[in-house]
Amino acid sequence: TADDNVAVGKDALNLNTTGHSNTAIGRNAMASTTTATYTTGIGMNAFQSNTTGDGVAVGAFALNANTTGNLNVAVGVNAMRFNTTGAKNTAVGYYALGVNTTGYDNVAVGRNALDANTTAHSCVAVGESALTSNTTGIRNTAVGQNALATCTTGTENTAVGQNAANDITSGNYNIAM
């Protein structure tokens, strides 16, 4: 049975059966959660589709489509909105990792950081629109506003500074400062 849960808002934690130690605040927050534990969803539709995934979603539509992705942290409106099974991601900022679906081990800090990422893993984007076009490129690091902003499929690139490496779209193993 479900124990030690807090639910505030229409349909918050509506389907919980055996999940425990969860906090859901906001309309439809964690509405589909059935067995998740130690999970927090704060904001309208935060973690709405989540069934068993554990993590933290703060902001309207944060981790909205997540079903079973574990250990994700999303803070900001639409942060990781379309993530379904991607795990161990951290997104802070409006639409950070917004369309990520199955990508894992990513860090996105800043508005629209890694927002086009779908399946890529092990990327770090810090700054507004850093790695904003990355979809499947793996192990990229971008620090600074618009750093590696046009890189879509490139792998193992590092860019530090505003607009650094903006000419790279699919190149690999580059360093730009």
Side-chain angles (χ1 to χ4, degrees), residues 2 5-126 128-138 140 142 149 151-153:
N5 294 294
V6 175
V8 178
K10 184 177 184 330
D11 294 325
L13 267 175
N14 191 38
L15 300 178
N16 190 36
T17 55
T18 58
H20 64 86
S21 306
N22 296 300
T23 303
I25 300 173
R27 181 181 183 139
N28 295 321
M30 298 176 61
S32 299
T33 297
T34 55
T35 60
T37 59
Y38 305 107
T39 301
T40 301
I42 299 174
M44 181 174 163
N45 297 320
F47 255 143
Q48 180 180 7
S49 301
N50 189 60
T51 54
T52 60
D54 299 336
V56 175
V58 178
F61 299 99
L63 278 164
N64 176 253
N66 192 82
T67 54
T68 59
N70 278 316
L71 306 175
N72 291 304
V73 175
V75 178
V77 174
N78 293 318
M80 292 188 68
R81 180 174 185 167
F82 295 102
N83 189 76
T84 54
T85 60
K88 297 180 247 176
N89 294 295
T90 301
V92 178
Y94 175 83
Y95 222 76
L97 274 167
V99 298
N100 188 73
T101 53
T102 61
Y104 58 92
D105 291 330
N106 294 299
V107 175
V109 179
R111 183 171 65 88
N112 296 326
L114 265 171
D115 63 318
N117 192 77
T118 54
T119 60
H121 64 84
S122 308
C123 291
V124 176
V126 179
E128 178 185 4
S129 298
L131 272 168
T132 191
S133 300
N134 191 73
T135 55
T136 59
I138 62 171
N140 289 303
C151 184
T152 57
T153 59

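The two residues Ala57 and Ala46 have their closest heavy-atom pair at O-CB, 4.0 Å. The two residues Ala91 and Ala96 have their closest heavy-atom pair at CB-O, 3.6 Å. In this structure, Ser129 and Ala149 approach most closely via the heavy-atom pair O-CB, 3.8 Å. Looking at every heavy atom in both residues, Ala29 comes nearest to Ala24 through O-CB, 3.6 Å. The two residues Gly41 and Phe47 make their nearest non-hydrogen contact at CA-CD1, 4.4 Å. In plain terms, the two heavy atoms of Gly76 and Ala62 that are nearest each other are O-CB, 3.8 Å.
Proximity of a side-chain donor or acceptor of Asn72 to a complementary backbone N or O of Asn89 within less than 3.5 Å is detected. Counting only distance, with no hydrogens or angles, the side chain of Thr51 and the backbone of Thr67 share a donor-acceptor pair below 3.5 Å. Judged by distance alone, the side chain of Thr118 and the main-chain N or O of Thr135 form a donor-acceptor pair under 3.5 Å. Listed for the Thr39 side chain is a donor-acceptor partner under 3.5 Å among the backbone atoms of Thr37. Between the side chain of Asn112 and the backbone N or O of Thr132 there is no donor-acceptor pair closer than 3.5 Å. Put simply, the side chain of Asn106 gets close to the backbone of Cys123: a donor and an acceptor are under 3.5 Å apart. At distances below 3.5 Å, at least one donor-acceptor pair connects side-chain atoms of Thr33 with backbone N or O atoms of Asn50. Under the 3.5 Å distance criterion, the side-chain polar atoms of Thr84 are matched with a main-chain donor or acceptor of Thr101.
If you run side chain to side chain donor-acceptor pair (under 3.5 Å) between Asn100 and each of Asn66, Asn117, Thr119, only Asn117 comes through.
Atom OH of residue Tyr38 and atom CG of residue Asn22 lie 9.5 Å apart, to the nearest 0.5 angstrom. Taken from OG1 in Thr90 to CG in Leu114, the straight-line distance is 11.5 Å, to the nearest 0.5 Å. In this structure, Leu63 CG and Met80 CE are separated by 5.0 Å, a value rounded to the nearest 0.5 Å.
Residues Asp115 and Tyr95 have side chains in contact (heavy-atom distance under 4.5 Å, counting atoms from C-beta outward).
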Residues 9-19, side-chain donor-acceptor partners within the protein, below 3.5 Å, at least two apart:
| residue | atom | partner | partner atom | Å |
| --- | --- | --- | --- | --- |
| Asn16 | OD1 | Gly19 | N | 3.1 |
| Asn16 | ND2 | Gly19 | O | 3.1 |
| Thr17 | OG1 | Thr34 | O | 3.1 |

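The aromatic rings of Tyr104 and His121 sit parallel to each other, their planes meeting at less than 30°, with 60° as the upper class boundary.
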